[in-house]
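See below for the structure under consideration.
Counting starts at 1 for both ligands and their atoms, in listed order. Quick note: residue numbers are just sequence positions, from 1. What you see below is based on every heavy atom in this structure, not just the backbone, and it leaves out hydrogens, waters and symmetry mates. Keep in mind the model is a prediction, meaning the values are calculated, not measured.
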Amino acid sequence: MPEEDHSQASKDYRSEIPQRSERFFLKGSNELDWGMKNRLASIFDPRSGRTVMLAFDHGYFQGPTTGLERIDLDIVPLARWADTLMCTRGILRSTIPPTFRGGVVLRASGGPSILSDDLSNEAIALSMEEAVRLNAAAVAVQVFIGGKNERQTVRNMTRLVDAGNRHGIATLAVTAVGRELTRDARYMRLATRICAELGATYVKTYFVDEGFDTVTAACPVPIVIAGGKKLPEKEALEVAWRAVQQGASGVDMGRNIFQSRDPQAMIQAVRAVVHDGETPEHAFALFEELANRTASPATAPAGA
Ligand code: 5RP
């Protein structure tokens with residue numbers, strides 16, 4: 001039992017100073033509850049307001065993707081440079097050390113595999129109870145606006161939003177673009193805005209060359225960009241740079257990191273662009289320097 005406090009005279013209430021009340025740093029997120037904000041602060045770095053999410057959930061529909069054959073050997077060593085890991089619960093439980101201190105975004109939709117003729121025919125593939133048990137910061141769900149299963153995938157998202165809001169877990173809506181649709185700013189504005197209006201905490205979309213600033217401006221919650229298919233390192237850094245310059249709150253990048261000729265160098269170069277505002281030229285020079293160091297490590301001293 002605590003002892004009685006007799007030190008009344010020495011207490012300092014500073015009654016003349018109004019209580020501090022900081023606005024939350026993330027776009028459109030100030031009215032969220034404390035638990036949700038705390039989880040978002042494990043995804044987005046409050047110092048830069050941005051995130052480098054490392055995405056390696058591709059196996060949920062395409063099995064052992066190139067670069068993801070051995071997540072223990074190839075992805076776990078990258079985790080120290082990732083603000084957030086985006087993966088499936090199967091990989092999280094089996095392979096990711098629970099000592100990882102950043103945010104975890106769990107893949108929460110699935111169903112069809114690459115053998116299916118309709119990848120958009122997804123269902124919810126994770127309960128919110130399981131997300132809580134795994135200490136996820138957010139769940140991720142594909143939304144196919146304009147696709148054959150538009151209604152079903154929007155419904156998947158809204159059900160996860162409702163469940164996530166009950167538990168303080170964020171929902172990342174991933175705007176998936178079917179082959180029949182044009183990936184331009186007009187489509188991205190439509191898809192991201194619908195996801196935000198229907199409750200997504202933040203949205204992932206693809207960068208588009210023309211008018212990406214209008215996509216981020218029209219979306220009331222943070223946007224992160226998907227890396228997309230593998231590009232030469234300098235081009236991938238350019239895409240990341242252009243996206244954050246035009247209002248993206250970071251990247252959710254997979255293949256452009258883990259299929260790079262030096263994934264450790266690449267994730268550090270991506271961080272330089274996203275968090276430090278480095279130009280793609282500087283970040284690429286950093287990539288080359290780090291990659292060269294790996295290729296020719298300093299000779300070990302004799303007798304070592
Ligand atoms: C799968 C996903 C992936 O996580 C996402 O596409 C990121 O990976 P990449 O940078 O390789 O595109 O959401 O649908």
*More than 12 foreign heavy atoms under 6.0 Å from NE2 of H282: is that the case here?*
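It does not: H282 NE2 has 12 such atoms or fewer within range.
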*Does R186 CZ have over 12 foreign heavy atoms under 6.0 Å away?*
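Counting other residues, nucleotides and ligands, CZ of R186 stays at 12 neighbours or fewer.
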*asked:* Residue by residue, ordered by chain and number, which ones reach under 4.0 Å of ligand 1 with a heavy atom?
replied: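 Around ligand 1, where the cutoff is 4.0 Å for heavy atoms, the contacting residues are A55, D57, H58, M86, R107, Q142, V174, K204, G227, G228, D252, M253, G254, R255.
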*Mind checking what makes side chain to side chain donor-acceptor pair (under 3.5 Å) contact with N149, not counting sequence neighbours?*
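N149 satisfies side chain to side chain donor-acceptor pair (under 3.5 Å) with D118, S120 only.
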*Cluster partners of M36, using ILVMFWY side-chain heavy atoms under 4.5 angstrom, listed by chain and number?*
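So far as hydrophobic clustering goes, M36 is joined with F24, F25, L26, L32, L40, I43, F44, M53, M86, V105, L172, V174, Y202, V224.
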*Just grab all the side chain to side chain donor-acceptor pair (under 3.5 Å) pairs involving residues 152-163, residues at least two apart or on different chains.*
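Of all non-adjacent pairs touching residues 152-163, those that pass side chain to side chain donor-acceptor pair (under 3.5 Å) are N121-Q152.
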*What do the steps show when you test L237 against M266 for side chain to side chain contact (heavy atoms under 4.5 Å, CB included), and what is the final call?*
CA-CA 9 Å; L237 293 167; M266 186 59 180; 3.9 Å; yes
